Amino acid sequence: MAIASRLKEEKFLVASIAVAAIAYLLEHAVIEMGRGVALIAAAALVGTIVLASIRVAHHAELLAIKVGDPYGTMILTLSAVAVEVIILAIMMSGESSPTLVRDTIYSALMLDINGILGLAALLGGLKHGEQPYNDNSGKTYGVMILTAMGISMIVPEFVPRDKWHYYSAFTIVAMIALYGLFLRMQVGQHSYFFSYSYPRSERKKGASDAHGADEPAAISIATILVGVVIIGLLAEFMSALMTEGLRDSGAPIAVTAVVVAAISAAPEILTALRAALRNRMQATVNIAMGASLSTVILTVPVMEAIALYTGQPFIMAMTPVQTVMVTITLIAAAINLNDGETNAIEGMTHFILFATFVMLTALGL
């Protein structure tokens with residue numbers, strides 16, 4: 001009965017496994033049916049991935065309640081980055097644009113800071129007014145993201161083509177060094193930067209709101225790992241079908257990057273919105289800003305290592321439009337996350353920037 005109950009509770013993951021098996025058997029047949037059918041199948045796989053992500057998000061929330069911030073939200077962001085790296089590695093091994101990695105990281109930044117944080121602060125502000133958090137976290141995340149983006153996606157514009165491998169090796173070392181120190185700060189002597197002491201009544205309410213909060217941590221960790229693996233398998237089939245469906249369609253190249261970023265951010269979106277609506281903005285800030293930082297600082301060294309191994313460099317330097325959007329976003333975040341409280345106006349500014357990103361992507365910019 002215990003096993004049956006567990007399978008029923010994890011019905012989304014069970015359904016995802018079944019869909020992955022069907023995709024494995026029918027992938028080539030679907031591709032032969034034409035671009036339209038391939039796109040429909042790819043959309044179905046994206047929906048399935050989102051369903052699997054819902055369970056990953058749920059168990060990450062349970063861990064966050066058990067161990068508190070920043071550990072719980074760090075687990076969520078790392079699992080999301082793992083999904084992103086897996087998807088990118090799969091897609092870059094086939095037919096893909098040399099700008100896919102760059103565009104995906106850029107899209108993830110826009111989605112995490114402007115989309116997730118913007119919408120969460122907007123809805124949370126409309127419901128609760130000003131929402132407190134530890135302003136040290138926003139400042140620390142902001143300067144780390146600015147440094148990582150500058151090193152990995154702005155400076156490469158000025159690196160000579162015949163010396164790209166030297167700079168790629170340097171970038172790998174720099175990102176690992178930055179993340180190593182950041183991780184030590186986040187879980188060590190400066191862990192209080194990324195936590196906020198809520199009133200006792202709110203802590204109890206937050207814990208009681210989560211169904212399954214008394215579940216063993218090992219089960220949640222195992223479910224997250226299984227979910228990431230399932231998502232990776234589904235992403236492999238989704239990549240092939242989407243590539244075929246978009247071939248010669250005239251759709252902007254960045255569409256694929258946006259889809260990859262959205263898939264990896266799906267668990268974060270749900271958790272961040274729930275946290276904001278429960279007036280727990282610290283978790284939202286940790287998720288949105290932490291996911292942005294983790295995406296840059298962990299995805300870049302992995303993909304650069306792949307480039308060095310294959311001898312084929314990726315185009316990492318952002319376009320002028322991307323550079324302007326990232327600059328405006330980080331300036332707005334530095335101003336908005338400077339006082340330890342968010343409100344609906346601050347959320348709206350970021351959400352408008354996200355809408356601008358969507359419009360620019362639709363225009364192919």
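As the structure is a computational prediction, the values presented were derived from the model and not from experiment. No hydrogens, no waters, no symmetry mates; every other heavy atom, side chains included, goes into these values.
- Rounding to the nearest 0.5 angstrom, the gap separating the CG atom in L25 from the CD1 atom in I22 is 8.0 Å.
- Residues Y133 and L337 have side chains in contact (heavy-atom distance under 4.5 Å, counting atoms from C-beta outward).
- Side chains of M175 and I151 form a contact here, defined as non-hydrogen atoms less than 4.5 Å apart.
- Annotation: side chain of Q322 is not in contact with side chain of T99 (no heavy-atom distance under 4.5 Å).
- Contact of the Y167 side chain with the V155 side chain is registered, since non-hydrogen atoms from C-beta on lie closer than 4.5 Å.
- For the pair I105 and V300, the minimum side-chain heavy-atom distance is below 4.5 Å.
- Summarising the geometry of T295 relative to A108, their closest heavy-atom pair is CG2-CB, 3.8 Å, with the distance given to 0.1 Å.
- Nearest heavy-atom pair across I230 and S16 is CG2-CB, 3.6 Å.
- Transitive grouping of hydrophobic side chains (ILVMFWY, heavy atoms separated by less than 4.5 Å) keeps Y166 and I306 in distinct clusters.
- Using a 4.5 Å heavy-atom threshold, the side chains of R35 and L39 count as separate.
- The two atoms that bring E130 and E341 nearest to each other are OE1-OE1, 2.9 Å, heavy atoms only.
- Tested against T329 for a side-chain contact (heavy atoms from CB on, under 4.5 Å), the candidates T349, D112, N114 yield a single pass: N114.
- Counting heavy atoms from C-beta on, the side chains of L117 and N336 never come closer than 4.5 Å.
- The two residues F351 and G115 have their closest heavy-atom pair at CD1-O, 4.3 Å.
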Next item on the list: Show your reasoning for whether side chain to side chain contact (heavy atoms under 4.5 Å, CB included) applies to L119 and H350.
Entry: CA-CA 8 Å; L119 184 60; H350 281 292; over 6 Å; no

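- The hydrophobic clustering, which links ILVMFWY residues whose side-chain heavy atoms are closer than 4.5 Å, places I335 and I113 apart.
- A salt bridge (charged side-chain N to carboxylate O under 4.0 Å, His left out) check over residues 139-152, counting only residues at least two apart or in different chains, returns the pairs D135-K139.
- V101 and W164 fall into different hydrophobic clusters, where Ile, Leu, Val, Met, Phe, Trp and Tyr are joined by side-chain heavy atoms under 4.5 Å apart, directly or via other members.
- Considering all non-hydrogen atoms of both residues, A272 and A120 come closest at O-CB, 4.1 Å.
- Other residues, nucleotides and ligands contribute more than 12 heavy atoms inside 6.0 Å of the CG atom of L126.
- Closest heavy-atom contact between A23 and L45: CB-CD2, 4.3 Å.
- N279 and Q131 are linked by a side-chain donor-acceptor pair at a separation below 3.5 angstrom, with hydrogens and angles left out of the test.
- Using a 4.5 Å cut-off between side-chain heavy atoms of Ile, Leu, Val, Met, Phe, Trp and Tyr, with links allowed through other members, L178 and M303 fall into the same hydrophobic cluster.
- R274 meets the salt bridge (charged side-chain N to carboxylate O under 4.0 Å, His left out) test with E61; sequence neighbours excluded.
- Under the 30°/60° scheme for interplanar angles, the aromatic rings of F182 and Y141 are found to be tilted.
- Y309 and I315 fall into different hydrophobic clusters, where Ile, Leu, Val, Met, Phe, Trp and Tyr residues are linked whenever their side-chain heavy atoms come under 4.5 Å apart, directly or through other members.
- No side-chain heavy atom of M289 sits less than 4.5 Å from a side-chain heavy atom of M144.
- At distances below 3.5 Å, at least one donor-acceptor pair connects side-chain atoms of Q282 with backbone N or O atoms of N134.
- Side chain of H128 to main chain of L277: a donor-acceptor pair is present (N/O by atom type, distance under 3.5 Å, no hydrogens or angles).
- Checking side-chain atoms of R102 against main-chain N and O of A317 turns up a donor-acceptor pair under 3.5 Å.
- No donor-acceptor pair under 3.5 Å is formed between the side chain of T104 and the backbone N or O of A261.
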